[in-house]
Amino acid sequence: MPELPEVETTLRGIAPSVVGRRVAAAVVRNPALRQPIPDLLPEILRGRKILGLSRRGKYLLMAFRHGHLLLHLGMSGSLQIVPVGTAPGRHDHLDIAVSGNILVRFNDPRRFGLALWVEGDPSAHPLLRNLGPEPLSDAFDGDYLYRRARGRAIPVKAFLMDGKVVVGVGNIYAAEALFMAGVSPLRAAGKISRARYGALADAARLVLALAIEQGGTTLRNFVGGDGKPGYFKQQLHVYGRGGEACTVCQSTLKNVVIGQRSSVYCASCQR
DNA sequence: ACGAAGCCCTGCAAGC
DNA sequence: TGCTTGCAGGGCTTCG
């Protein structure tokens with residue numbers, strides 16, 4: 001499931017092959033994503049030059065002179081460069097062929113993803129304008145989290161996964177960051193000290209940076225833009241390990257549900 | 001304003 | 001073996 005590191009990995013894998021090239025053709029096979037892919041997308045993109053590829057949270061933005069293609073991988077989506085002429089598979093919903101015989105293919109079995117055309121300033125788009133800061137930017141630190149948590153009663157894990165607070169921290173990395181910082185995922189967000197938020201912000205930053213370095217976490221069959229799997233999974237301490245032994249103190253890791261999400265933590269290391 | 005719950009969708013694993 | 005059931009989950013929407 002793509003979280004920020006996986007989206008970043010995809011961006012880095014795809015960008016060198018597409019930026020500066022022109023769209024030769026776009027093909028929509030199944031427009032029924034979270035929101036429908038616009039009917040006119042192929043016409044909008046044809047012949048246009050891709051000026052850049054960037055990321056905001058888990059959204060990818062393909063920049064053109066007359067607008068942006070806004071992409072989201074949902075929880076099962078992937079973008080890959082495939083050889084031109086490769087037969088499309090069952091969930092290959094969108095192809096973007098660019099000059100130089102390069103094909104970018106969007107695959108998303110669960111169709112929680114998104115491919116929208118945005119005119120004007122993309123940061124003003126309803127899906128982007130309320131997003132919190134990037135976790136790897138200077139705007140994200142312990143003081144920021146502490147300030148935003150004033151008066152909040154929700155469990156800190158749900159707080160950390162709220163895109164209005166900070167973008168890109170999904171279920172995997174929230175669990176890992178909380179473990180690393182020694183903070184219980186169940187603790188009310190408003191009842192955590194400034195110092196502990198400092199540790200938590202550092203942990204989130206570290207775990208995300210590490211995961212990006214490793215090419216993301218491969219779960220199920222995530223692959224980056226270059227088709228290679230990520231290697232971060234081997235370093236997960238708590239995610240997906242409920243019932244197993246804590247890597248630090250050997251206690252049995254607990255499984256709880258927080259905000260509809262399964263959450264694993266060590267009741268002894270995390271307070 | 002806040003927080004909890006519901007919804008979208010399909011692959012996979014577990015259970016019968 | 002082949003069916004059914006339940007779970008996974010990002011992020012928006014709805015409800016209280």
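Each chain gets a letter, A, B and so on, in the order the sequences are listed, and its residues count up from 1.
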### Query
When the nearest nucleotide of DNA chain B is assigned to A:Pro155 and to A:Pro109 on a heavy-atom basis, which residue is associated with the more 5' position?
A:Pro155

Using a heavy-atom cut-off of under 4.0 Å over every strand shown, decide if [X] touches base, sugar-phosphate, or nothing.
X        : answer
A:Ala153 : sugar-phosphate
A:Arg111 : sugar-phosphate
A:Phe159 : nothing

Taking OP1 and OP2 of [N], is either one under 4.0 Å from a side-chain nitrogen or oxygen of [X]?
X        : N      : result
A:Ser262 : C:dG9  : yes
A:Arg110 : B:dG11 : no
A:Arg90  : B:dT10 : no
A:His91  : B:dG11 : yes
A:Arg34  : B:dC9  : no
A:Tyr239 : C:dG9  : yes
A:His72  : C:dG11 : yes
A:Tyr173 : C:dG10 : no

### Query
When clusters are formed from ILVMFWY side-chain contacts under 4.5 Å, directly or step by step, what else is grouped with A:Phe179?
A:Val238, A:Val248, A:Leu253, A:Val264

### Message
Using every non-hydrogen atom in the two residues, find where A:Gly113 and A:Asp108 come nearest and quote the distance to one decimal.
### Response
N-OD2, 2.8 Å

### Query
Quick one: CG on A:Leu51 to NE2 on A:His68, what's the gap to the nearest 0.5 Å?
8.0 Å

### Rounded distance (nearest 0.5 Å) linking atom CZ of A:Arg46 with atom CG of A:Leu40
10.5 Å

### Task
Send over the distance from A:Asp108 CG to C:dG11 C1', rounded to a whole Å.
13 Å

### Face-to-face contact A:Phe112 to C:dG11 six-ring, under 5.5 Å, under 30°
no

